[in-house]
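Worksheet: the structure to be examined is printed underneath.
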Amino acid sequence: MGSVGAGTKILLLGKIYHAPKTWEALSELGELVYCTATNRAEFLQQCRDGKYDGVVAIYRTFTSAEITGLFDEELVSVLPSSLKYLAHCGAGYDQIDVHACNARSPIIRVSNVPTAVDDATADVNMFLIIGALRNFNTGMNALREGKWRGSPAPPLGHDPQGKVLGILGMGGIGRNLKKKAEAFGMKVIYHNRRQLSEELSGGAQYVTFDELLSTSDVISLNLPLNKNTRHIISKAEFAKMKDGVVVVNTARGAVMDESALVEALDSGKVFSAGLDVFEEEPKIHPGLVSNQNVILVPHMGTWTIETLTAMEEWAIENIRSGLEKGKLKSPVAEQIDL
Ligand SMILES: O=CC(=O)O
């Protein structure tokens, strides 16, 4: 079932920082080739000109989109016909149009990196929850301006103990967050496309989307971005939330309508927010930058040596598994049954 043969090539889109030896070891399975394009138009042209013909597997990173742009229908349509495996080094694969990959014959099999990201992302998530509940940003900024806590002093924050945390999206990160939040004394409820088994949910109460919105003291967004979840939190959803709710997002910016969040913060409906992701990274809505009640982190959920190393190793393993066994280690949800 393997795809290894003379002429097999493996293309790197982006960089390998932490697992260079594991990457280089792939050279026993195929020739390692590198992208020379500096922008999307160039990459598309190179593909059309056959520069990457013979590429059977691609390893790509989130930031490689700065050069190639999204793996949308247009880009997928020019990828070499030899391509079988697309290994994304990240948990969220919203940059890839899996539908377009499925439409190819044979299909392009896509993998992401689950599990390895869970701890680091849930840690940042917890940092944002505590930081937003305590509203540390105001005092921290004042201190750097030489004004100690500022004048007037920041409003008092809130303790996590006894607060209801509503987790929207109970995948690996959501479940990991649940355990961490419980250690801080929070009561966890969740909503997910499907209710989880008691064992998987760890006893967290399953509630409807509307119940989650109306009964949570803190709402954490932990769901993937796709056409069904884009702007799942918007004006109408904010209206259903408790007054003074705290909102935290480590998933993808576009699951929430940023302008609606800015309005909800300005009106006081939302007490504070903690954000690691934004709708148009690296652009940040000016209403978020100017609002002291928002903690802003520039997409650093997995930004640790240990986690980024584990992610790179995992994504490379997907390529090895595809080439050796004809099967990816962690296919994306849409392709699990294919
Ligand atoms: O944002 C990070 C990831 O999707 O892994």
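Indexing begins at 1, ligand by ligand and atom by atom, following the structure's order.
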Check each atom of ligand 1 against the heavy atoms of [X] and keep those under 4.0 Å away; list them by number with element.
X: G92; value: 3 (C), 4 (O)
X: G90; value: 5 (O)
X: M311; value: 5 (O)

Next on the checklist: Between R48 and V78 (side chain of the first, backbone of the second, donor and acceptor by atom type, cut-off under 3.5 Å), is there such a pair?
Outcome noted: no

Next on the checklist: Distance check, rounded to the nearest 0.5 Å: I295 atom CD1 versus M140 atom CE?
Outcome noted: 7.0 Å

Validation: residues 165-172 side-chain donor-acceptor distances under 3.5 Å, sequence neighbours left out:
none

Item to check | is_close_aromatic(Y59, H88), centroid dist under 6.0 Å | outcome: no

Next on the checklist: Tell me whether R252 has any N or O atom under 3.5 angstrom from an N or O of ligand 1.
Outcome noted: yes

Item to check | Nearest non-hydrogen protein atom, atom 3 (C) of ligand 1 | outcome: A91 N, 3.4 Å

Next on the checklist: Which residue and atom name correspond to the protein heavy atom nearest atom 1 (O) of ligand 1, and how close is it?
Outcome noted: H299 NE2, 2.7 Å

Next on the checklist: Is the ring pair H191/F209 parallel, tilted or perpendicular, if the boundaries are 30 and 60 degrees?
Outcome noted: tilted

